[in-house]
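Working notes, beginning with the structure itself.
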Amino acid sequence: MGLLQLLKSQFLCHLILCYVFVVSGLFINLLQFCTLPVWMVSKQLARRINIRLAYCLSSQMVAMLEWWSGTECTLYTEPQSYRFYGKENAIVVLNHSYDIDFLCGWTFCERFGVLGSSKVLAKKELSYVPVIGWMWYFLEIVFCKRKWEEDRTLVAQSLQKLHDYPEHFWFLLYCEGTRFTPKKHQVSMQVAESKGLPILKHHLLPRTKGFWVTVQNLRGKAAAVYDSTLNFQNNEKPTLLGVLNGEKYHADLYVRRIPLDLIPEDEAECAAWLHKLYQEKDSFQEQYTQTGRFPGPIVSPPRRLWSLINWLFWSCLMLYPLGVLLTGLISSGSMLSIIVSLVFCSAASVGVRWMIGQTEINKSSNYGNKE
């Protein structure tokens, strides 16, 4: 292990990284709150400001993956599809099997310049969480309660509001609804068997209703569905803690562009189409397991410097007052000040460990554990 790698694995470094992210995130949340008066005067201007503020926050995590960890992201796609990426609105269908698959999805968005405006379908509870949740609220993220009777109208109304969105966006959708675990897979395949659906080896059954509502309400605004399948080389099991430790992973992403016009409008036909799509995704994963690669050519865009520049800017801005404060505490020689600082650092370390733990598959929700 080299000296730099050893430094990256130290908890003090993790604490500093998380401090920069959380404190800058709260500051960005405050700036987003200040856009409310702008919203009343010009909704489109407020939206454009919030896109850039959201980028300031989410690109820090992308920079941590790309520049701190050095993780490589290889894209498999057809050249005729590649030319559309970043130049149109799209629904991105992702598999949900890894601790950091959301981070790889954000990296895909960053490579094509739509990270700040990217959307997801998220649990309503997340809208109350500081930093990420509050950022999403101002970014007009679509929130759901996982109760179809309420979500059908709520999600449709949120999606309709995006029809006059001023910049290109990608709507990231995890149709499985929850992360893949052996227990959830067993339950899901029991449901598949009872409904006469094909058994999937690498995926859970997709939730068709949410997909149909998304497609129907983004017709005329989104041009295509990007079917995206993620895997990691050499059976790597990436974690957010591993990324913080500076561990390098090798992500492979296979993307197919499917024009939205090819997706049936009828709900039952759309559901059948999605089930067929997931059978194909399962075959792609099986091929990757057998050969170590996805079909098609590799057409990978380079990393962009903007995420690194943004990360360095916020690090300098947030660490300077912290350095001044710590210097003052140490020079004061006050035992009370030192004790308070130690308590604060201990509490922060517990908080950091808790946040990292929430990204782990074994800490995922129980959603999907029952039929």
Side-chain angles (χ1 to χ4, degrees), residues 51 54-55 58-59 61-62 65 73-78 80-98 100-122 136 139-144 155 158-159 162-163 165 167-180 203-204 206-208 210-231 251-263 270 273-274 276-278 280-282 284-285 294 296 299-301 304:
I51 288 171
Y55 178 82
S58 53
S59 67
M61 296 194 69
V62 172
L65 180 72
C73 297
T74 301
L75 179 64
Y76 291 78
T77 193
E78 296 296 332
Q80 58 266 33
S81 298
Y82 182 88
R83 62 190 178 91
F84 289 102
Y85 299 157
K87 300 176 182 177
E88 62 181 2
N89 300 319
I91 301 168
V92 182
V93 176
L94 294 151
N95 56 320
H96 208 7
S97 305
Y98 300 96
I100 64 167
D101 47 19
F102 76 97
L103 202 47
C104 294
W106 279 6
T107 300
F108 182 34
C109 294
E110 162 61 12
R111 296 284 176 99
F112 293 97
V114 294
L115 177 60
S117 57
S118 63
K119 316 291 179 190
V120 295
L121 181 63
W136 280 351
L139 199 58
E140 300 173 82
I141 290 296
V142 179
F143 293 102
C144 66
V155 171
S158 299
L159 290 169
L162 298 179
H163 273 255
Y165 208 70
E167 298 188 16
H168 292 313
F169 66 86
W170 288 356
F171 190 87
L172 277 58
L173 192 61
Y174 296 100
C175 293
E176 293 163 277
T178 186
R179 278 202 182 101
F180 183 101
H203 297 84
L204 308 178
R207 310 277 173 158
T208 60
F211 176 77
W212 177 73
V213 167
T214 301
V215 170
Q216 287 302 98
N217 285 279
L218 287 181
R219 287 189 186 276
K221 183 63 176 177
V225 166
Y226 297 166
D227 172 36
S228 308
T229 306
L230 175 70
N231 214 320
D252 287 336
L253 183 67
Y254 176 52
V255 181
R256 295 186 297 166
R257 181 184 182 274
I258 305 170
L260 208 65
D261 296 340
L262 299 181
I263 301 175
C270 183
W273 183 92
L274 185 63
K276 184 175 183 296
L277 182 78
Y278 267 75
E280 294 172 353
K281 289 173 74 68
D282 217 52
F284 297 147
Q285 285 285 38
F294 287 117
V299 190
S300 293
R304 302 201 316 161

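All values derive from a computational prediction rather than experimental measurement.
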Taking the six-membered ring for Trp, are Phe112 and Tyr82 closer than 6.0 Å centroid to centroid? yes
Can you tell if the side chain of Pro259 reaches within under 4.5 Å of the side chain of Arg257, non-hydrogen atoms only? yes
List in chain and number order the residues that pass salt bridge (Lys or Arg N to Asp or Glu O under 4.0 Å) with Asp227, two or more places apart in sequence or in another chain; answer none if no residue qualifies. Arg256, Lys281
Rounded to the nearest 0.5 Å, how far does CZ of Arg111 lie from CG of Leu253? 10.5 Å
I'd like to check Phe143 versus Ile141 (side-chain heavy atoms, cut-off strictly below 4.5 Å). Are they in contact? yes
State, yes or no, whether a side-chain contact exists between Leu65 and Met61 at a heavy-atom distance under 4.5 Å. no
A side-chain contact here means heavy atoms from C-beta on lying under 4.5 Å apart; do Leu121 and Cys144 qualify? yes
I'd like to check Leu230 versus Ser97 (side-chain heavy atoms, cut-off strictly below 4.5 Å). Are they in contact? no
Distance check, rounded to the nearest 0.5 Å: Ser117 atom OG versus Phe169 atom CZ? 8.5 Å
Kindly state whether the ring of Phe102 and the ring of Tyr174 have centres lying under 6.0 angstrom apart. no
Check the pair Thr77, Tyr85 against side chain to side chain donor-acceptor pair (under 3.5 Å), reporting the backbone distance first and the verdict last. CA-CA 11 Å; Thr77 193; Tyr85 299 157; 2.7 Å; yes
For a quick check under 3.5 Å, do Arg219 and Gln216 share a side-chain donor-acceptor pair by atom type? yes
Between Leu172 and Leu94, is there a side-chain heavy-atom distance shorter than 4.5 Å? yes
Are Leu75 and Val299 packed together at the side-chain level, in the sense that at least one heavy-atom pair is separated by less than 4.5 angstrom? no
Gln285 side chain near Asn231 side chain, heavy-atom distance below 4.5 Å: yes
